[in-house]
Amino acid sequence: MLTYLLRRLALALATTAAVVTITFALVHLAPGEPFVAGAEDRFVPPETVARLRERFGLDRPLGVQFARYAANLAHGDLGESFARHRPVAAVLAESLPNTLLLGATALVLSLLFGIGLGIAQATRAGTWADSALGALALACYSVPAFWLGLMLLLVFGEWLHWLPVSGMADVTLRVPMDGLRHALDVGRHLVLPALTLALVNGAAVARFHRAAMIEALGADFVRAARARGLGERRVVLRHALRSALAPAITLAGLSVPALLTGSVLVESVFGWPGMGRVAYEAIFARDYNVITAVAVVAGVLVAVGNLLADLGVAAADPRVRRA
Amino acid sequence: MTIPRVVVCAALLLAGCAGPARRAGEGATGGTLVIVTTGDADVLFPPAGAVTTSADVAGLVFSRLADLTFDLNTVDDSGFVPELARSWDHPDSTTLVFHLDPRARWHDGVPVRAADVAFSFDVYRDTLVNSRFRPNLDAIDSVTVRDSLTAVFHFHRWYPEQLYDATYHMKVLPRHLLDSIPRARLASSAFARAPVGSGPFRFVRWEAGAVIELAADTAYFLGRPRLDRVIWRVVPDLGSAVGVLLAGEGDAIPLIPPAELRARVRAAPTLRLVPYPSNAVAYVAFNLRGRGGKGAHPIFGDRDVRRALAMGIDRATLVRSLFGAEGEVPVGATARAQWIWSDSIRQVPFDTAGARRLLEARGWRSGPGGVRWKSGVPLRFSLLYPTTSRLRQDAAVLLQAQLKPLGVDLRLQPLEFTLFEERSVRKDFDATFQARTLDASPASVLQLFGSEGAPQSNYGSYASPAFDALAHRAIAAPTRVAARPLWREALGTLNEDAPAVFLFSPPVAAAVHRRFAGVRIRPDEWLAGVGAWFVPPRDRLPRDR
Amino acid sequence: MRALRRGWLRFRAHRAAVAAGLLVAVLAIAAAFAPLVAPADPLAQPDPVALQNQPPSAAHLLGTDRFSRDVLSRIVYGARVSLGVGAAAALLAVTVGALVGLAAGLASPAVDQLLMRSVDVALALPRVFLILLVLALWENAPPWVVVLLIALTGWFQTSRVVRALVLRLRESEFVQAARALGSGRPGLVRRHLLPHLAPTIIVSATLDVGNIILLESGLSYLGLGIRPPAPSWGNMIQDGKDQLFSAPWVAAAPGLALLVTVVAFNLFGDGLQAAFDPRDRR
């Protein structure tokens, strides 16, 4: 287990280093410079640009800049945002929790949706119900998340008026607000974006889980359980599901990058104030430090996702834990 | 920013409100205005804020010495009303003396003093602060303190818009809170996230990417605003922003250019559109020089070809397709909000037959694929536009289809905004699609088309001694009456030389919830009159209480 | 070759997959012959004032967009972009992946380790973020750059699968026998390994196409893939987003086209996989 963790850690470090280097290179080698274009089409005088470049150290040779950035990063200093006039860490501290809230909710929902669908299909394998649910899973798996989001917005926000169309909370509520009302309010705003991500992501889980469940239901130990006269419900949920859970959890963990990607688009559709939006805006503002920091965070999240997937599998499947 | 009593009354009368402007007692105050904005603020430190939302918020938190009235007369002193300064006088042609209102207070209770004014000027001029308003204050040599309530502005020379330059660009800042912060750090200081001003509203909270909240300053020396709260809610997409308004979760959006979205607002029973004059203009500037600014451009170097292109563009249809019935075809390098706007400025007419004749006469003959050629050069050029501007992209697509039958092959070249700006400034382009929010002062047109002004923003390198002379004479004219005919002549000359085609001014109308009364909008700062907005008690929603 | 034939017979029994395959073929033909199939010029603006945002009708089966352009015609032409980018990027990605996988499988353990650890790192890179970054920061990327970016960041998984297969095959009897008979490395790869790898590679490519189509549409939706006025399904959805509530067909139609196409590719790929994957031979 220890060697395993060390290997994981080494991989995570290597990935982070690669992400930083690649992003740094891409950002600095790209044509165009920060500060040249003022916000909203405004002209920025060249002497102002020169002063800003000097202040942020962009006038130094690229190698020096990289060394400085890497050294700062090693100390946990992500630098200052060019466009927002504040530390990058503060910008991320505001947006990352929102993305994590959306991502974690979507992850849990997609596991529930995927596993539920997988069980429903596997226990009806070969029937028309299996095919119909399979078609649903395939459709969700094949739909562009941003488009699904737009359509859900159209139906539930615009036509039915059931759910809010944008943002994360009703800003008109007085602050400070009691915790429960605030949580309910955020929850209402969370439904559509989380559902969008969960449907797309859960469909992938379902496709794998169905196969794993079918295999498990045919396995000897399940047959033995049936032979002992256990109820079918108990057989499916306690015995078969237990052994079929590992692939679903692995897949869910591995889908962290997909969730992050999806959240860039889905955050923009639903106006969710998360990291995806910060990243998108930073790219267009050529806010170098924010761009690189987002890449680092994304890399770390992916590594954490992989780790959680492995730990989840170990927890779900006693055979792995012993190994 | 604040509207003194006289103007409040005028606003209410114009808005058709019954009853006295300032009814005391119950219902005189109260209400929450939720503004839906597509972009968050960057910093709430007025010299450094670069985006509209920052300016809007700062406009309510901070004050000027004096402010423009609704007709945006920038030339003479009659166009201004007192704010922090109770009065002002001109002892000589290069000196302007402001007498501060002794009642003025910062939101922390400290009185506003002349030292604050002098400090503010120094901050705005400081290169370490890098304010984008720095160039606007070029004509002012210094600001000195005569006594605690008297600030003296010293100009380099006399000109009619001295008062405008002294008051408009600069918000007065609290010296006692900012003095100890290094100038280079002001924009990233805690103050810039939670500002303290002397305006009608106090800062309450700012959650990045989501919400900014202000509350009425009940002790405001010019009379407290009638609303209790103003809240900005960030919704990054305009379509969703309108959806938020329709869902009743927001009250106002300052600008809704797309016709479809405006139609939705118009159909909503709870909303109304409040039109106001536009201060923006979008134009295609031709590069008169060769790429990189050398030599003459093979197509646009010829004035007649530029005129032919201008004649071949059906601006009225373009505007109607983009905006429905409400868009406006600009009369030239100005916008309706500027006092120089006039329908009698000479224009190049829309005339496709004339355009064809002119192109033929200049030797551009039809070639293969329907594109015109002249001595081995096709009538083909690329138009730069920024990918961030949906409107300009749509207009470019329409323009391309309009010019095709004339034998003009227009290629679209979308560029990420920074690259767009760099290429435009480097003059590495054929044609560039620019959009400008114009100052209240018409003098800004010289920056865009004057030969000796700012070479960076005169993208197409247009240089006409005739235009320069006319514009300079117009700027020096002491009154609006004297200046108007000169401006008309200058802009007409510009139109006829066609260094650019002025395509559209987006229709300007704010969507505002119907429960708000007293709504009046000033084109340069749409919230300038918000101190007079109010919600009659019978119309109040839960959030107003 | 026999493996391929057996697979084909099994595939034919899979009706949904066959139908999906046919649909893919129809889409490809429609895209290739777009000028004949589309009822109108996708760029023509008959009347950008009177005919904009018209709902579906006999004249315009899927309505018109804000420029009065025919949505159906734009979808037909947009298929060129989606299928073209999808197919080209998938082929390129799978080719690179297969080559790296082969190299790793056949090379010395040191090289193998180096390649595979690099792939581990590469798989953890925030792929879409990097693609977005490049497309946003560099000027005006033409479609082939989009293809290249997607392909060069999309081969990692294939290389792993191919390597595992090669390692397995290398130990198999017939390869050992061929080696004993003095077969050189190129001959070995061509005659013995490739035929066994082909099904895996084909399945991998087919399933990739669907994912890449989705990826491209996302990029175009953000305004970073295919640039206007040329239609792609992603930028059509972006076009329609502003009129989502007043003219929902403009955004809905290309989305449905995407959905159907990607479903078809996935079904087709699933069918192929079921036919060729020995694990499913039950």
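In the text below, chain A, chain B and the rest are named by the order of the sequence lines, each starting its count at 1. Reckoned from all heavy atoms, side chains included, excluding hydrogens, waters and symmetry mates.
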- Task: Pick whichever of C:Val128, C:Leu258, C:Leu133 has the most heavy-atom pairs under 4.5 Å with chain A.
- Result: C:Leu133
- Message: I'd like to know if the side chain of A:Thr99 pairs up with that of A:Glu267 as donor and acceptor (distance under 3.5 Å, no hydrogens or angles considered).
- Response: yes
- Atom pair CH2/CG of A:Trp147 and C:Leu256 - distance to nearest 0.5 Å: 4.0 Å
- Message: Just to verify, what does C:Thr206 make a side chain to side chain contact (heavy atoms under 4.5 Å, CB included) with, not counting sequence neighbours?
- Response: C:Ile202, C:Phe265, C:Phe268, C:Leu272
- Query: Which region of A:Thr16, side chain (C-beta onward) or backbone (N, CA, C, O), has a non-hydrogen atom less than 4.5 Å from a non-hydrogen atom of chain C, or is it both or neither?
  - Reply: neither
- Query: When only pairs under 4.5 Å are counted, which of C:Ala16, C:Pro248, C:Ala252 shares the most heavy-atom pairs with chain A?
  - Reply: C:Ala252
- Note: vs chain C, highest number of non-hydrogen pairs under 4.5 angstrom among A:Ala14, A:Ala295, A:Ala18 is A:Ala295
- Message: I'd like to verify something: which residue of A:Val19, A:Leu138, A:Ile22, A:Val269 has the highest number of heavy-atom pairs under 4.5 Å with chain C?
- Response: A:Leu138
- Message: I'd like to verify something: which residue of A:Leu26, A:Val302, A:Leu148 has the highest number of heavy-atom pairs under 4.5 Å with chain C?
- Response: A:Leu26
- Closest-packed option against chain A by number of heavy-atom pairs under 4.5 Å, given C:Asp270, C:Leu132, C:Asn211: C:Asp270
- Task: Without swapping roles, check the side chain of A:Asn201 against the backbone of A:Leu197 for a donor-acceptor pair under 3.5 Å.
- Result: no
- Mind ranking C:Asp120, C:Leu222, C:Val260, C:Leu267 by heavy-atom pairs under 4.5 Å with chain A and telling me who comes out on top? C:Leu222
- Student check: side-chain heavy atoms of C:Trp233 and C:Thr261 closer than 4.5 Å: yes
- Are A:Arg207 and A:Tyr141 in a cation-pi contact, defined as NZ or CZ under 6.0 Å from the six-membered ring centre and within 45° of the axis? yes
- Winner by heavy-atom pair count (cut-off under 4.5 Å) against chain A, out of C:Gly218, C:Gly210, C:Gly234: C:Gly218
- Contact leader toward chain C among A:Ala298, A:Pro144, A:Ala12, where contacts are heavy-atom pairs under 4.5 Å: A:Pro144
- Quick one: what part of C:Leu215 sits under 4.5 Å from any heavy atom of chain A, side chain, backbone, both or neither? neither
- With no hydrogens and no angle check, do the side chains of C:Ser220 and C:Ser232 hold a donor and an acceptor under 3.5 Å apart? yes
- Message: Using heavy-atom distances under 4.5 Å, tell me whether C:Leu219 contacts chain A through its side chain, its backbone, both, or neither.
- Response: neither
- Heavy-atom check, side chain of C:Val134 versus side chain of C:Leu130, under 4.5 Å: no
